[in-house]
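Heads up: the structure comes next, in structure tokens.
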Amino acid sequence: MKVSVLLITYNEEKNLPRCLDALSWCDDIVAVDSGSIDKSVDIVQAAGGRVYHRRFDDFARQRNFGLNEIDFKHEWILHLDADEVATDKFTKALNNLEPSQGIYAYLVPSKTMLNGRWLKNAGMYPSYQVRLGRRDKLRFKQVGHGQREDLPPEQVGMFPEPYLHFNFSQGVAAWLRKHVRYAEDEARVLLRSDSGEDHVTVHSQVSRRRWAKRLANRLPLLSRPFARFFYVYIWRRGFMDGSSGLLYATMLATYEAMIAVIAMSGRSELNSGSEEYRDI
């Protein structure tokens, strides 16, 4: 299968060379950039890619803008972020892919990398997102800080090979700063009493993960950091990933604490009638 690649970029000059080197086989690379002030745009163009500009509001709208407004060379689009890398096995599986009748998108697994190590256990492998789809069929919807496919489950297949996600390539401090913003999005979901629930997918692995998130959203706020650490480090055996597993479990617990603090602050403001939180 031949595909076009749609990248989401913002100040990614550190990650783009590795990402683009792994896409040397692709003859149609497009980036939707949200105002990079580093060399991101130059790097994409030097690799033969096209760059479009759009102010970032959320991931779903950013990807949908690309699907709606850009003329791609191929019918199928591979959606990647700049800190994600297509391996040789991933590329081979993509070349050999023959979509079945009625399948318009694929759930794709990823491997979370930290300090040069694959977090096989703490990273909850395999975790799936729809990242491959037909440009005329697949659209995304925002759920919390991330996006999900806007397709019925019977139209979504399972891709066999993972890509690599270097989620911490800009450093742990940058990861934490970014997740402050993500925590605000997740807190808004909690304050709306909306767990982000949608259709139950037929793919059991994805269904279990989304069910676990809905369950977590019903826990008392202050228990969430402890529950997340226990789940990642003990239940998922993150301790088998060594010091990287411990670090990642601690980071995720910290993220849950951010969500809890923001949600508790927002709830207090709601109860006092503050206009700032009227639309949360």
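Starting from 1, each residue takes its place in the sequence as its number. Side chains included, hydrogens not; waters and symmetry mates left out as well; all remaining heavy atoms used.
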Taking all non-hydrogen atoms of both residues, which atom of Ala263 and which atom of Ala187 are closest, and how far apart? N-CB, 3.8 Å

Evaluation steps, side-chain contact (heavy atoms from CB on, under 4.5 Å), between Phe239 and Arg237: CA-CA 5 Å; Phe239 57 85; Arg237 299 190 297 174; 3.9 Å; yes

So for atom CG, which belongs to Asp21, do other residues, nucleotides or ligands contribute more than 12 heavy atoms lying within a distance under 6.0 Å? yes

Indicate if Leu7 and Trp76 have the same hydrophobic cluster label, given that clusters are the connected sets of ILVMFWY residues with side-chain heavy-atom separations under 4.5 angstrom. yes

Should Asp71 and Arg135 be marked as a side-chain contact (heavy atoms from CB on, under 4.5 Å) after you check the CA-CA gap, both sets of side-chain angles, and the distance that decides it? CA-CA 10 Å; Asp71 184 19; Arg135 61 181 177 179; 4.0 Å; yes

Kindly indicate whether the side chain of Leu78, heavy atoms from C-beta on, has any atom under 4.5 Å from the side chain of Leu80. yes

Going only through I, L, V, M, F, W and Y residues with side-chain contacts under 4.5 Å, is there a path from Trp25 to Val108? yes

Closest heavy-atom pair and its distance - Glu186, Ile259: CB-CD1, 3.7 Å

Report, as yes or no, whether the 6.0 Å neighbourhood of atom OH on Tyr52 holds more than 12 heavy atoms from other residues, nucleotides or ligands. yes

Donor-acceptor pairs under 3.5 angstrom involving side-chain atoms of residues 173-183: please list them, not counting sequence neighbours.
| from | atom 1 | to | atom 2 | distance (Å) |
| --- | --- | --- | --- | --- |
| His179 | ND1 | Trp175 | O | 2.9 |

Less than 4.0 angstrom from a charged side-chain N to a carboxylate O is my criterion; do Asp42 and Lys39 meet it? no

To the closest 0.5 Å, what do you measure between SG (Cys19) and CD1 (Ile29)? 7.5 Å

How far apart are the closest heavy atoms of Asn11 and Ser36, and which atoms are they? N-OG, 2.7 Å

Just by distance, no angles: are the side chains of Asp33 and Thr9 close enough, under 3.5 Å, to form a donor-acceptor pair? yes

To the nearest 0.5 Å, what is the distance between CG on Leu20 and CD on Glu12? 10.5 Å

Phe159 versus Leu107: any side-chain heavy-atom pair under 4.5 Å? no

Please table the atom pairs, donor to acceptor, closer than 3.5 Å between any side-chain atom in residues 242-254 and protein atoms at least two apart or in another chain.
| from | atom 1 | to | atom 2 | distance (Å) |
| --- | --- | --- | --- | --- |
| Thr250 | OG1 | Leu246 | O | 2.8 |
| Thr254 | OG1 | Thr250 | O | 2.9 |

Joint cluster assignment, Phe90 & Leu23, ILVMFWY side-chain distance < 4.5 Å: yes

Please report the closest heavy-atom contact between Met1 and Pro99, naming both atoms and the distance. CE-CG, 3.3 Å

Check step by step if side chain to side chain donor-acceptor pair (under 3.5 Å) holds for His74 and Asp27. CA-CA 9 Å; His74 302 295; Asp27 63 354; 2.8 Å; yes

With a 4.5 Å cut-off on side-chain heavy atoms, are Ile103 and Arg134 touching? no

With a 4.0 Å cut-off on N to O distance, would you call Asp81 and Arg63 a salt bridge? yes

Under a 3.5 Å cutoff, is there a donor and acceptor pairing between the side chains of Gln62 and Arg54? yes

Report yes if some heavy atom in the side chain of Met124 is under 4.5 Å from a heavy atom in the side chain of Arg236; otherwise report no. yes

Pairs satisfying side chain to side chain donor-acceptor pair (under 3.5 Å), at least one member in residues 102-111, at least two apart: none

So, do Arg131 and Tyr163 sit near enough that their side-chain heavy atoms are less than 4.5 Å apart? yes

Side chains of Thr112 and Asn167: is there a donor and an acceptor less than 3.5 Å apart? no

Test applied, salt bridge (Lys or Arg N to Asp or Glu O under 4.0 Å); reference residue, Asp28; option that passes from Arg50, Lys2, Lys73: Arg50

Would you say Phe140 and His79 make side-chain contact, with heavy atoms under 4.5 Å? yes

Closest non-hydrogen atom pair between Asp83 and His165, with its separation: OD2-NE2, 3.3 Å

Glu161 bridged to Lys89 by N-O distance under 4.0 Å: no

Determine, for Phe166 and Arg18, whether the Lys NZ or Arg CZ falls below 6.0 Å from the six-membered ring centre while staying within 45 degrees of the axis. yes

With the side chain counted from C-beta on, respond yes when Leu138 and Leu151 share a heavy-atom pair under 4.5 Å apart, and no when they do not. yes

Of all heavy-atom pairs linking Gln129 and Gln147, the shortest is OE1-NE2, 3.0 Å

Counting only heavy atoms from other residues, nucleotides and ligands, does the tally under 6.0 Å from CZ of Arg139 exceed 12? yes

Would you say the side chain of Leu6 lies within less than 4.5 Å of the side chain of Val32, judging by non-hydrogen atoms? yes

Assess, by modelled atom type and distance only, whether the side chains of Gln155 and Glu149 contain a donor and an acceptor separated by less than 3.5 Å. no

To the nearest 0.5 Å, what is the distance between NZ on Lys141 and CG on Asn64? 11.5 Å

Got a donor-acceptor contact below 3.5 angstrom from the Asn121 side chain to the Asp241 backbone? no

